[in-house]
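Note: hydrogens, waters and symmetry copies are ignored here, and every other heavy atom, side chains too, is used. What you see is a predicted model, and the numbers here were worked out from it, not measured in a lab. Sequence lines set the chain letters: A, B, ... in the order given, protein chains first and strands last, and positions in each chain run from 1.
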Amino acid sequence: MIRQFIAIVCAAITALILQSSVTVILPEVLIPDLVLLVVISSAVLVSPAQGLLVASGVGYAVDILSGSLFGHHALLRLFVFVIAYFTSRKFHLTRPLNLLVFVLIISLVDSIGTVLLSKIFKGAFLIGTFEIYVAGIRALLNAVSALVVLATVKAFFAFLTRRDDQTKASKIGAGATR
Amino acid sequence: MRRFLAGYRLPILFGVLVILALVSIVRDREVEHKHEQSSAAHLLFDLVIPLQGVLTKPVRAVADIWDDYVALVGIKEENDRLKRELAEVKDHSLQYREALVASSNLHRLVEMRRGFEAPLLPAAVVGHSLSPWFRSVLIERGTGSDVRSGMSVLGDGGLVGLVTASSAHASRAMLLLDRQSAVAGMVQRSRARGIVRGLGSGKLEFALMVRDDDIVNGDLIVTSGLDGIHPKALQIGMVVSVHQDQDTLVHVAMLKPSVDFGRLEQVFVLKRRGPTMQFLYENEENLSDRKPDKSQP
């Protein structure tokens, strides 16, 4: 359980750093929201309590690194996680098509949420023609990248879990020989 | 009670986190522009920015290898150096022209000279905003180098934005392109004043206060200094189109920014706050230092 939590936290931090660094050479429109995808992956892979904490923490990190109000993305990521969690129980988000459609829709919902929260709390209306275009492109990119991100996080989980099982097996073996 | 908490553990956790987020938002909105970052934000800045710097260097190195190969070894470096020198010369020329055009008053010239002498601190850009809705950059200078919120950030071509948060070793600067950005500007030729706003995309909008103000395509827009945030005469952009609508009180011009925001690698922080920012930040600190007067009922 602890290893799973550590794995998802590491994945979230990696996504955070990677996304922010690649923007140096690529325009933001062409970069998928890796942090959002890790939050959706956590809905499939970890327990709800762990996922809520990760979603909240990573949201606060995005707020600090992006210039939004502190708590803005934390709130959005919490709701994304909850929606993803319940959707995955009903529609099995491990299936590629289900995941693709879900990520497409949730990315657009996330964009709408960002605009609404900014309007409510800052009075700033962030939407314009350019932003609609960006939201659409990003939703498509997120959908395409979701499978890769989920597979990567799953592989990392499997690697850690296998190590965890090996450690437990060796301890049980050591206990049996005594 | 324990059974209740155990049974509703997850909804309670969700509720607590949502309330925490809402409280953070409201609190941050109230203290925005008045205080520096909290210690948690400082920690995250100081943790993430150096890691980003480590990752950004090889990424840039790969991009630079291609550029250097195509542009031939040495020529690109020389070109970059010449561009920097030209930008500096252009900036000085603009400022001197401003001094002549604005007034022959010696006091004003002295004020502008003080503006010229404000120290500029170079800083590398190590990351951009994670969210495309908020246009900002992360730079690897912080309070340890005397970089503080409210300081102007300049580039080779002109004004880049404003520092909005800083920790010991890193800062975040909101770009001119951000939809929440608004800078007092003026047409350098006709002195028509207005507000330059970011549109989120690569262009800026210059909203003129008076409908009949003189502005045409090709005009250079500079900071007017009237907002008390940025110094006067910093290049903002060039007019590419003017939209005049007879039914509105103001008309709007679209600007092409002087700075190439897509290739922002190095910026300069003006290590002096404008009077408005000085009032907002330093006045708040002075007021909070005052002890309450207990003799008053």
Student: Nearest 0.5 angstrom please: B:Ser131 OG to A:Leu65 CG, how far?
Tutor: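 That separation rounds to 11.5 Å.
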Student: What's the separation between atom CZ in B:Phe134 and atom CG in A:Asp63, rounded to the nearest 0.5 Å?
Tutor: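 Answer rounded to 0.5 Å: 8.0 Å.
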Student: Kindly give the heavy-atom pair with the smallest separation between B:Val18 and A:Leu78, and that separation in Å.
Tutor: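 The pair with the smallest heavy-atom distance is N-CD1, 3.9 Å.
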Student: Quick check for you: to the nearest 0.5 Å, what is the distance between A:Ser118 atom OG and B:Arg179 atom CZ?
Tutor: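 Answer for the OG-CZ pair, A:Ser118 versus B:Arg179, is 11.0 Å.
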Student: For the residue pair A:Gly71 and B:Ser24, what are the closest heavy atoms and their distance?
Tutor: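 Answer, listing the atom of A:Gly71 first, then B:Ser24: CA-CB, 4.2 Å.
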Student: When you measure from the side chain of B:Ser136 to the backbone of A:Ser66, do you find a donor-acceptor pair of N or O atoms at a distance under 3.5 Å?
Tutor: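 Judged by distance alone, yes, a pair lies under 3.5 Å.
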Student: Give, for atom CG of A:Leu69 and atom CG of B:Leu22, the distance between the pair rounded to the nearest 0.5 Å.
Tutor: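 Output value for this atom pair is 11.5 Å.
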Student: Examine whether an atom of A:Asp33 lies under 4.5 Å from a heavy atom of chain B, and if so say whether it belongs to the side chain, the backbone or both; otherwise answer neither.
Tutor: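 Neither the backbone nor the side chain of A:Asp33 comes within 4.5 Å of chain B.
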Student: Considering only heavy atoms, which portion of B:Leu199 lies under 4.5 Å from any heavy atom of chain A: side chain, backbone, both, or neither?
Tutor: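 It is the backbone, since no side chain atom gets that close.
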Student: Looking at chain A, which one of B:Leu17, B:Leu20, B:Val23 has the largest number of heavy-atom pairs inside 4.5 Å, strictly under?
Tutor: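 Top option by heavy-atom pairs under 4.5 Å: B:Leu17.
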Student: For side chain to side chain contact (heavy atoms under 4.5 Å, CB included), just list the numbers for B:Leu10 and A:Tyr85, CA-CA rounded to whole Å, side-chain angles, deciding distance to a tenth of an Å, and then say yes or no.
Tutor: CA-CA 12 Å; B:Leu10 290 173; A:Tyr85 178 74; 5.5 Å; no
